[in-house]
Amino acid sequence: MQERIEEFDAVVVGAGLSGLYMLHELRGQGLSVRVYEAGDGVGGTWFWNRYPGARCDVESMEYSYSFSPELEQEWEWTEKYPTQPEILRYIEHVADRFDLRRDVVLQTRVESAVFDEENGRWTVATEGGERVSAQFCIMATGCLSTSKTPEIPGLETFQGRWYHTGHWPHEGVDFTGLRVGVVGTGSSGIQSIPLIAEQAEHLTVFQRTPNFAMPAGNRPLDPAQQADLKARYPEHRQAARESGFGIPVPLPTQSALEVDAAERDRAYQAGWDKGSLVSILLSYTDTIVDKAANDTAAEFVRNKIREMVHDPETAEALCPNDHPFGTKRPCLDTNYFATFNRPNVDLVDVRRTPLQEITPTGLRTSDREYAFDALVFATGFDAMTGALTSIDIRGRDGVRLKERWAEGPRAYLGLGVAGFPNLFTITGPGSPSVLSNMMVSIEQHVEWISECVAFLRERGHSTIEATEDAQDAWVQHVQDAGNMTLYPTANSWYMGANVEGKPRVFMPYIGGVGVYRQKCDDVAAKGYEGFALA
Ligand code: FAD
């Protein structure tokens, strides 16, 4: 006898900002939706990353949903850059305000999603053995949700406590009086190190790659400024949608090499003082495409580091010199570099003395052993593809997504994959995604998918599937766009370089969120050009 399983119009995997909005949109069309979330609360990134100093580096009033004018008017942000607790409160408010929780099943990890060619539906199975069937399967699994523990042997022998920034204990961690080792100096390390240093008796930071960071200049939000932006929200949001990175800023008109050093320094200083991810990057037209132009920005930031860090050797070790400025996601910091002036903080450059082993009492590098009471791994994520390839996703002919993507991800517009009908990925590889204010990209994808589903239902189509030709052409375009820039020259997580054995492919689309949105809209306007409808 065949097993009877519950049927839905759509299953959404993940209940972060993407999954919750997807649920809201599909429910608005009258679809039955089931959302599965591995965590025991909604919020995704902002549910998991509770490390000290966790904060958004896009301004709060821009890193928020724009789909509901009432929501955007009623919510009051307190700081320029919101903390993790504040963003989580916001997401929880959204879940309650739009009554989303009743369709979200928490603490439930999806293990597999298998397309059944006979009935054109997906069977989604959870780790606990639950199986449901749905016409549409939407992966809202996040680009930075599969944390990566360090590839150093011996973790199981360590007798102290250890933490990954991406899975921080809800009750927080008190490092008072402890000897702490932090491994990793990417965004999470840069945010957490100053605060851990204030508590710990001694902190040792193990750095493989120094990163560019600029002062966030965080501050409480002035109510008058907030009211002013709220009055102009529709135009501001539209400008974000049409911009390059999802943040509306005036575009540069000059090359960095057209102006003299004094003028360049004034422009970079203004960007530095602004405390924004994109100000220095967008000071000149060619920062991200021309190495000589980029060097001028990189050297400006390195000189700032040299000014801030008293010990010249430590300062030099903290200066990024193996990748052009901006080709790894730049960071915003609060007192990061000055933290290395504290007497209780040391820096270990693991390029010079590689980490060899985690021991019962600490860490061993090639030249000595360090004793710790606690270890913190700020070692990042298997970005963009990790959450997708860790689910057993099988499309036509039982082909596994993981195998399809063995040489690097291939998707049409980062939204659909040839051979995987009715499967959508939100902010998938091949879309601007992590190269943008992700709220803008998430809303665009969710709305596009929602309109696509409505179209299919109105026209009586049962499936939509990217064609191989359209996918090949898009993948090529994404690569070509990447190759026009300096991005592929960095060993970044954009390139998969932080995960051993991961193919080196520049995964996001650098064409800009405005250009990309136009492309997606054109595809839809032409009856979903590049997709086969059945
Ligand atoms: P997520 O928030 O990652 O949610 C995905 C959810 O899917 C997770 O809760 C996960 O548990 C769940 N999931 C995954 N696989 C499964 C499975 N198999 N079964 C069930 N559930 C599953 N973006 C910006 O634009 N600006 C920033 O400043 C910024 N700062 C960031 C700081 C940190 C520390 C991190 C980690 C990310 C940051 N990001 C930032 C990116 C951030 O991930 C996105 O902005 C956004 O939160 C992504 O939302 P999402 O819903 O797409 O994915």
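In listed order, ligands and their atoms are each counted from 1. In this text, all values refer to a predicted model and were calculated from it rather than measured experimentally.
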Tell me yes or no: between the side chains of T149 and H164, is some donor less than 3.5 Å from an acceptor?
-> no

Residue pairs fulfilling ring-ring contact (aromatic ring centres under 6.0 Å, His included) with at least one residue in residues 375-396, sequence neighbours excluded = W162-F377

Nearest 0.5 Å please: distance from the CG atom of L17 over to the OH atom of Y21.
-> 12.0 Å

Without swapping roles, check the side chain of N437 against the backbone of I247 for a donor-acceptor pair under 3.5 Å.
-> no

For ligand 1, list the protein residues that place a heavy atom within a distance below 4.0 Å of one of its atoms, sorted by chain and number.
-> V13, G14, G16, L17, S18, Y36, E37, A38, G44, T45, W46, W48, N49, Y51, C56, D57, V58, Y63, T108, R109, V110, A140, T141, G142, L144, S145, R329, F381, I391, S436, N437, M438, I442

Aromatic plane relationship, Y516 with Y509 - under 30° parallel, 30 to 60° tilted, over 60° perpendicular | tilted

If you measure from CZ on F245 to OG on S436, what distance do you get to the nearest 0.5 Å?
-> 9.5 Å

